[in-house]
Number of protein chains: 2
Amino acid sequence: MTSTPVQGAQVVSRVASLLRIVGRKPEGSPLVELVRESGLTRPTVHRLLSSLASEGLLDQDPQSGNWVLGPEILLMGSVASARFPLEDIARPSLRRLAEETGESAFFSIRRGAETVCLLREEGSFPVRSFVLHEGVRFPLGVASAGTAIMAFLPEAEQEELLAGWAAHARDFAAAHTEALVRENLAKTRQAGYSVNPGLVLEGSWGMGAAVFDQRGRPAWALSLTGIEPRFKGERQELLGRLLMEEAHRISTLLQGTAGAV
Amino acid sequence: MTSTPVQGAQVVSRVASLLRIVGRKPEGSPLVELVRESGLTRPTVHRLLSSLASEGLLDQDPQSGNWVLGPEILLMGSVASARFPLEDIARPSLRRLAEETGESAFFSIRRGAETVCLLREEGSFPVRSFVLHEGVRFPLGVASAGTAIMAFLPEAEQEELLAGWAAHARDFAAAHTEALVRENLAKTRQAGYSVNPGLVLEGSWGMGAAVFDQRGRPAWALSLTGIEPRFKGERQELLGRLLMEEAHRISTLLQGTAGAV
DNA sequence: CCCAAACCATCCATATTGTGGACACTCATC
DNA sequence: GATGAGTGTCCACAATATGGATGGTTTGGG
């Protein structure tokens with residue numbers, strides 16, 4: 001993440017990390033938070049934010065003063081979507097999943113050693129969790145989407161992640177011990193789908209299924225989240241079946257897409 | 001565009017301009033093109049591109065070697081869309097327009113003194129133009145979308161643009177003389193929709209209608225493009241009516257949206 | 001098959017550029 | 001009206017990004 005093999009690029013890496021932090025939440029972040037999260041000094045952060053804003057990459061919300069993603073990001077995102085039309089590919093599956101299960105459905109992408117939540121579709125069930133939303137990142141192996149993806153990576157890559165597990169999982173390492181994760185990965189490989197039994201947030205369960213790219217690598221994941229009682233017993237198998245069905249449908253769709261991400 | 005009121009931000013402005021150039025075309029750009037367009041030296045461009053790529057903001061297409069928008073842009077675009085759900089708001093109108101008219105339909109946004117094409121919906125008519133696609137920018141007052149928007153700006157802003165017209169319109173100034181543009185703007189204000197009679201590309205006509213934000217400012221535009229014979233006489237009035245209908249529908253939808261862009 | 005042209009990648013001494021400590025301001029809260 | 005938490009700005013300093021120069025690779029033409 002913080003590795004920058006490219007020389008002479010201090011500002012680029014700083015700017016990128018600020019953009020990522022701002023992009024974690026649709027409502028953006030105040031300056032202090034960006035200072036804290038980035039580890040930079042206030043003047044530096046402020047100057048970078050101002051220049052990013054003057055370029056249209058960020059905006060400052062007049063009400064809250066929060067820094068939010070700017071119009072240029074929207075534009076570029078729109079162009080990037082032309083190469084990879086997420087909405088067309090994944091949205092219908094999310095709609096069906098949310099509709100049929102009543103839970104909230106998510107589409108996440110693998111990005112390096114993380115998963116990032118891209119799309120969300122609210123379910124009808126009146127109790128909903130708000131841990132997961134567009135922009136949220138988890139280390140691979142944490143949460144249902146990350147587990148589903150990691151389970152189907154080449155074994156060497158899995159072992160690499162597990163070797164530096166504590167550093168990789170960070171705050172999540174406490175609840176996600178290496179042994180527990182290994183067990184979850186094995187279960188996932190067997191069942192085809194992953195189950196997160198409230199490890200991220202007590203009582204908040206999740207299930208996920210990996211989506212494979214043209215080269216057969218697990219690059220995305222569909223997932224469902226909801227409260228514990230709705231993810232047990234027979235219903236768990238039902239949800240798993242639905243997830244895998246839709247994941248397979250998307251994987252197939254992707255065979256027809258030109259550019260990979 | 002090139003104005004940078006913020007101090008200590010050279011790299012930020014350079015990076016932003018590179019991203020914008022790459023984002024002009026979904027298929028990206030080769031290094032030379034970026035060097036030419038940005039006016040920077042090759043080593044500098046190369047270094048910035050490499051660092052942007054290592055941050056995931058860009059990617060280098062393995063086939064063509066072209067630099068293209070990277071996964072992080074897709075992610076951030078997705079988050080930005082949560083604040084401003086373009087697809088939900090504008091896509092249905094584009095579908096209807098393309099369906100009912102057979103021409104290709106576009107949704108553009110105003111960004112400073114430019115319009116940027118955000119969404120495209122292909123029509124069924126077998127002759128199609130490829131001048132306009134996601135990411136393409138025109139100076140305000142050029143092409144149908146830019147004319148529709150400019151016509152409804154406060155008079156002072158219009159005069160400001162016209163004052164520096166040659167510099168503003170650049171390559172388009174030849175075909176778009178100040179007198180002609182003034183006339184087009186007047187016609188647009190009267191009819192409610194704009195007509196571009198092949199000024200950008202001979203034989204390729206366009207029509208546009210402005211979409212207004214919460215504060216009543218023209219911030220977006222719907223437009224149609226196609227070949228000359230299909231944009232004349234009674235049909236022109238029909239297309240104008242359809243465009244204005246859909247533009248009005250979107251303007252109304254936007255009243256309900258929280259965050260402006 | 002060889003040569004030229006066009007494009008891409010990298011090195012490193014230089015000074016231009018970005019940095020951050022210190023100071024000033026604004027707005028809640030007590 | 002005093003305290004504190006957050007935001008915005010200045011400027012001397014040096015770390016950082018710069019770009020001329022060099023070498024490598026691919027494409028196409030003779």
Side-chain angles (χ1 to χ4, degrees), chain A residues 1-25 27-70 259, chain B residues 1-25 27-70 259:
Chain A
M1 198 84 258
T2 333
S3 73
T4 309
V6 184
Q7 293 302 321
Q10 195 201 52
V11 178
V12 174
S13 123
R14 291 178 170 194
V15 157
S17 99
L18 288 176
L19 287 175
R20 265 194 297 266
I21 298 171
V22 171
R24 285 213 282 248
K25 295 174 288 178
E27 74 274 17
S29 325
L31 182 66
V32 260
E33 186 180 325
L34 289 159
V35 170
R36 181 167 15 92
E37 299 282 319
S38 67
L40 303 171
T41 61
R42 195 174 24 278
T44 298
V45 172
H46 186 264
R47 182 166 26 76
L48 292 176
L49 292 176
S50 308
S51 23
L52 285 168
S54 90
E55 297 292 341
L57 292 167
L58 292 181
D59 247 353
Q60 197 166 14
D61 188 274
Q63 311 234 317
S64 61
N66 274 8
W67 296 86
V68 296
L69 294 177
Chain B
M1 200 85 256
T2 334
S3 74
T4 310
V6 184
Q7 294 301 320
Q10 196 202 54
V11 178
V12 174
S13 122
R14 290 178 170 194
V15 158
S17 99
L18 288 176
L19 287 175
R20 266 194 296 266
I21 298 170
V22 172
R24 285 213 282 249
K25 295 174 288 178
E27 74 274 17
S29 326
L31 182 66
V32 258
E33 186 180 325
L34 288 159
V35 170
R36 181 164 18 88
E37 300 280 319
S38 67
L40 303 172
T41 62
R42 190 162 26 330
T44 298
V45 172
H46 186 264
R47 182 165 25 76
L48 292 176
L49 292 176
S50 308
S51 24
L52 285 168
S54 89
E55 297 293 339
L57 292 166
L58 292 180
D59 246 353
Q60 197 167 14
D61 188 276
Q63 312 234 316
S64 61
N66 274 8
W67 296 87
V68 296
L69 294 177

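In what follows, chains are A, B, ... by sequence order, proteins preceding strands, each numbered from 1.
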Original post:
Taking CG from A:Leu49 and C1' from D:dG6, how many angstroms apart are they, rounded to a whole number?
Top reply: 14 Å
Original post:
To the nearest Å, how far apart are A:Arg42 CZ and D:dC10 C1'?
Top reply: 15 Å
**OP:** Identify which nucleotide among D:dT18, D:dG19, D:dT7 has an atom closest to any side-chain atom of A:Val32, counting heavy atoms from C-beta outward.
**Re:** D:dT7
Subject >> Residue whose nearest DNA chain D nucleotide is more 5′ - A:Trp67 or B:Thr41 >> reply: A:Trp67
Subject >> Gap between atoms CD and P, on A:Gln63 and C:dC27 respectively (whole Å) >> reply: 15 Å
Original post:
Counting just side-chain N and O atoms, does A:Gln60 come under 4.0 Å of either OP1 or OP2 of D:dG8?
Top reply: yes
Original post:
Residues two or more places apart in sequence or in another chain: which of them pass side-chain hydrogen bond (donor to acceptor under 3.5 Å, both in side chains) with A:Glu27?
Top reply: none
Original post:
How would you list, by chain and number, every residue that makes a side-chain hydrogen bond (donor to acceptor under 3.5 Å, both in side chains) with B:Thr41, sequence neighbours excluded?
Top reply: B:Thr44
Original post:
To the nearest 0.5 Å, what is the distance between OG (A:Ser38) and CZ (A:Arg20)?
Top reply: 11.5 Å
Original post:
How long is the line joining CG of A:Leu18 and P of C:dT19, in whole Å?
Top reply: 10 Å
Original post:
Atom CG of B:Leu31 and atom C1' of D:dG24: how far apart are they, to the nearest Å?
Top reply: 15 Å
**OP:** Please determine, for the side chain of B:His46, which listed nucleotide (D:dT9, D:dG20, C:dA9) has the closest atom?
**Re:** C:dA9
Original post:
Does OP1 or OP2 of D:dT18 have a side-chain N or O of B:Gln10 closer than 4.0 Å?
Top reply: yes
**OP:** Would you indicate, yes or no, if D:dG19 has its OP1 or OP2 atom less than 4.0 angstrom from a side-chain nitrogen or oxygen of B:Arg14?
**Re:** yes
Original post:
Are any of the side-chain heavy atoms of A:Glu55 and A:Ser51 separated by less than 4.5 Å?
Top reply: no
Original post:
Is the backbone N or O of B:Asp61 less than 3.5 Å from a side-chain atom of B:Asp59, with the two atoms forming a donor-acceptor pair by type?
Top reply: no
Original post:
Could you give the distance from NE2 (B:His46) to CG (B:Leu34), rounded to the nearest 0.5 Å?
Top reply: 11.0 Å
Original post:
Could you state the CG-P distance from A:Asn66 to D:dG8, rounded to the nearest angstrom?
Top reply: 11 Å
Original post:
In whole angstrom, what separates A:Leu48's CG from D:dT9's P?
Top reply: 14 Å
**OP:** Starting from P on D:dG8, measure out to CG on A:Leu40 and report it in whole angstrom.
**Re:** 16 Å
Subject >> A:Leu57 CG to A:Leu48 CG distance, which is reported to the nearest 0.5 Å >> reply: 12.0 Å
**OP:** For the helix from C:dC1-D:dG30 to C:dC30-D:dG1, measure the angle between the helix axis at one end and the axis at the other, each built from five pairs, rounding to 10°.
**Re:** 40°
Original post:
Are any of A:Arg47's side-chain N or O atoms less than 4.0 Å away from OP1 or OP2 of C:dT19?
Top reply: yes
